[in-house]
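Notes follow the structure.
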Amino acid sequence: MRLADAFSAARGASRAALIGYLPAGFPDRETAHELVRAMVRGGVGIVEVGMPYSDPVMDGPAIQRASDVSLAAGTTVRDAIDVVRTAAEAEAAACLMSYWNPIARYGLERFCQDFVAAAGTAVITPDLSPEEAADWVRLTDAHGIRRVFLVAPSSTEARLALVAGTCNGFVYAASMMGVTGNDAVIGQVARDLVARARTVTDLPVAVGLGIRSADQVRAVAEFADGVIVGSAFVRAVEEAHSPAAAVAAVETLARELSTGVVRGAATASENGGRE
Amino acid sequence: MHADPTNPLLASWPDPAGHFGAYGGRFVPEALMAALDELDAAHAAAASDPQFRAEFDRIMRDYVGRPSPLTHAARFGSHAGGATILLKREDLNHTGSHKINNVVGQGLLAARMGKSRLIAETGAGQHGVATATIAALLGMECVVYMGEEDTRRQALNVARMRLLGASVVPVTTGSRTLKDAINEAMRDWVTNVDTTHYLLGTVAGPAPFPKVVRDFHSIIGRETREQVLQRLGRLPDAVVACVGGGSNAIGIFHAFLDDESVALHGFEAAGDGIVTGRHAATISAGSPGVLHGARTYVLQDEHGQTVESHSISAGLDYPGVGPEHAFLADIGRVRYAGVTDSEAMDAMALLSRTEGIIPAIETAHALHGALLLGRELGPDAVIVVNLSGRGDKDMQTASAWFGLADDETR
């Protein structure tokens, strides 16, 4: 599914899109594919496949541990693209999230070709700044791949405009200042950032970092077009005693979280007409 | 080719976006961009503020003990083909290494930006000690991230930092060395950027760090150039330094970049030997990539994952290198080569026994390089070595290597 279709489907149903993250190759190569299918069965409409990286400076302990497990088993960009294909086949909007060096090393042209061949729709690049993204913008445009960059509570108005202007998929708003998996109250900081982002872009704005419960999803769904959950899925996998239990736990969590994305009627009209 | 087409000098890099040719730039989470912009602006404002310069100069003179002396190492030179070897004595600075220059500068910048908390990464512990020192002097809170493996091999420096009032956090992720300490410091910074300045200790990382750190260390090269000219009436033939991240090397090279007659040599840690794969010779054996916020040479596998580095010297045990070094290597202005653990340890012993100066193991890599270079250039050559640090912190490693303790020699 295309990213835009996933967001408009959600909007049509008066809810926010639920975006689920899990790293490729975790807890092992085969189960990672099963987990993505389970996520989608549980109600995740947009899947973010994580490409593990040796130096994940934006990630907290849960995703660090998962990355270590995955890399120790030899996961490559090629493997991550295979999981993207599985997500697309499950009829989710299939995205890939990767720190920049693995993509750069794979080769930008080759990456774009392989990603499109796997029916991937968008790529999220947390450590690529718009200032360094000229080649990336040119090639993703040429291949029809959607770009997602992050904005943060610390982003100035000028930077919000720059970052949002470089995105053409959605804008990823960091709910707080910190790394993934933080135990924090998601609140006014995220709401303010989304409001500021809306003044500079008509793209959907999705909120991530530290969102783990249906209650938090419900709170964020009131003001954002998408709600991103990552570390909570990783923890559910970590705590499961077997691959089969992990698959069940991920589906259960996705189902639970997806109860939170439905909005009250008043808020839905507020967000109507956004693309 | 140049940052500013009207300015042909190599010393004029980086360009306004922090690039040294194809290297440098900023590859960091958006959350840090505002803080990097703030640092860049504070650094630019301070550079043209006479009060800031005066305060920096005063601390350099009255607290650090600058200018550091230039020592003629005649007995050591007799092992280097009879060349004149001059040692730039950064080991005599307060805290025992060149690292203090940068922390004084950045500490003052942090105060100027209204930050009350300093965080730092450290490998050998010299930068951590220096940061803890300036935090004490300026009355700031200080947290130092140090790989767990390094806290063991540099236990003395851990105690020094704690005595100075800093918290030392052993990092247990990844390879448990300098690279992972930097990751952890960046995570702290993303979370606490309002109150906290990340006092990065080398010329790596996202712009403007490579430029900021270089500027505060460039005092080494300026003093050296003046001291050599005054003493010998001419420029040296070569300037040598060890390179991990590359701060002491850039510090002494920078004033000589546009002196074409002066050869510049950087010596990396070849560990057990580059062919063994157990080394930290990033320029000699790495490839261009992105690590810790900058495009530079990186030790990485074919998939772009960082590879663990190995060196007997904790301060050089890093799989990246400052982007300016990557640039200077590509254009051929500086020549980089590897020195193995055992070559460095031999040079450490030789300087100790010929000159009564115990160098840091990091510095010993440069000393081995000077021996080779002296033999190549002959007795008329004048070679300056940046004696970047003293070896007290390395006594545990040296003791085990050479069998210095009674129970090991019996």
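The chains referred to below are lettered A, B, ... by the order of the sequence lines, with proteins before strands, and numbering in each begins at 1.
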Verify, without hydrogens or angle tests, whether [X] (side chain) and [Y] (backbone) share a donor-acceptor contact under 3.5 angstrom.
| X | Y | answer |
| --- | --- | --- |
| B/Asn183 | A/Val57 | no |
| B/Arg187 | A/Gly178 | no |
| A/Glu132 | B/Ala294 | no |

Interchain contact, [X] with chain B, by part (heavy-atom threshold 4.5 Å):
| X | answer |
| --- | --- |
| A/Pro102 | both |
| A/Pro52 | backbone |
| A/Tyr106 | neither |
| A/Ile103 | neither |
| A/Val163 | side chain |

**Prompt:** If you round to the nearest 0.5 Å, how far is CD of A/Gln64 from OG1 of B/Thr173?
**Reply:**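 It is 5.5 Å, given to the nearest 0.5 Å.
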**Prompt:** If you round to the nearest 0.5 Å, how far is CG of B/Asp301 from OG of A/Ser54?
**Reply:** 7.5 Å
**Prompt:** Given A/Arg105 and B/Ser287, is the side chain to side chain donor-acceptor pair (under 3.5 Å) satisfied, shown in steps?
**Reply:** CA-CA 10 Å; A/Arg105 186 74 178 179; B/Ser287 53; 3.1 Å; yes
With a 4.5 Å limit on heavy-atom distance, are the side chains of [X] and [Y] in contact?
| X | Y | value |
| --- | --- | --- |
| B/His19 | A/Glu131 | no |
| A/Asp55 | B/His292 | yes |
| B/His303 | A/Val77 | no |

**Asked** Counting heavy-atom pairs under 4.5 Å to chain A, which of B/Glu302, B/Gln300, B/Met186 comes out on top?
**Response** B/Gln300
**Item:** Under 4.5 Å from any heavy atom of chain A - which part of B/Thr306
**Value:**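 Its backbone and side chain both get close to chain A.
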**CZ (B/Arg117) with more than 12 external heavy atoms under 6.0 Å** =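 For B/Arg117, atom CZ is crowded (more than 12 foreign heavy atoms under 6.0 Å).
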**Asked** For the residue pair A/Trp100 and B/Val290, what are the closest heavy atoms and their distance?
**Response** CD1-CG2, 4.0 Å
**Request:** Of all the heavy-atom pairs spanning B/Val190 and A/Met177, show the shortest one and how long it is.
**Result:**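 Closest heavy-atom pair between B/Val190 and A/Met177: O-CB, 3.5 Å.
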**Those residues of residues 25-39 of chain B, ordered by number, that approach chain A below 4.5 Å (heavy atom to heavy atom)** =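 The list, in residue order, reads B/Gly25, B/Arg26, B/Phe27, B/Val28, B/Pro29, B/Glu30, B/Ala31, B/Met33, B/Ala34, B/Asp37.
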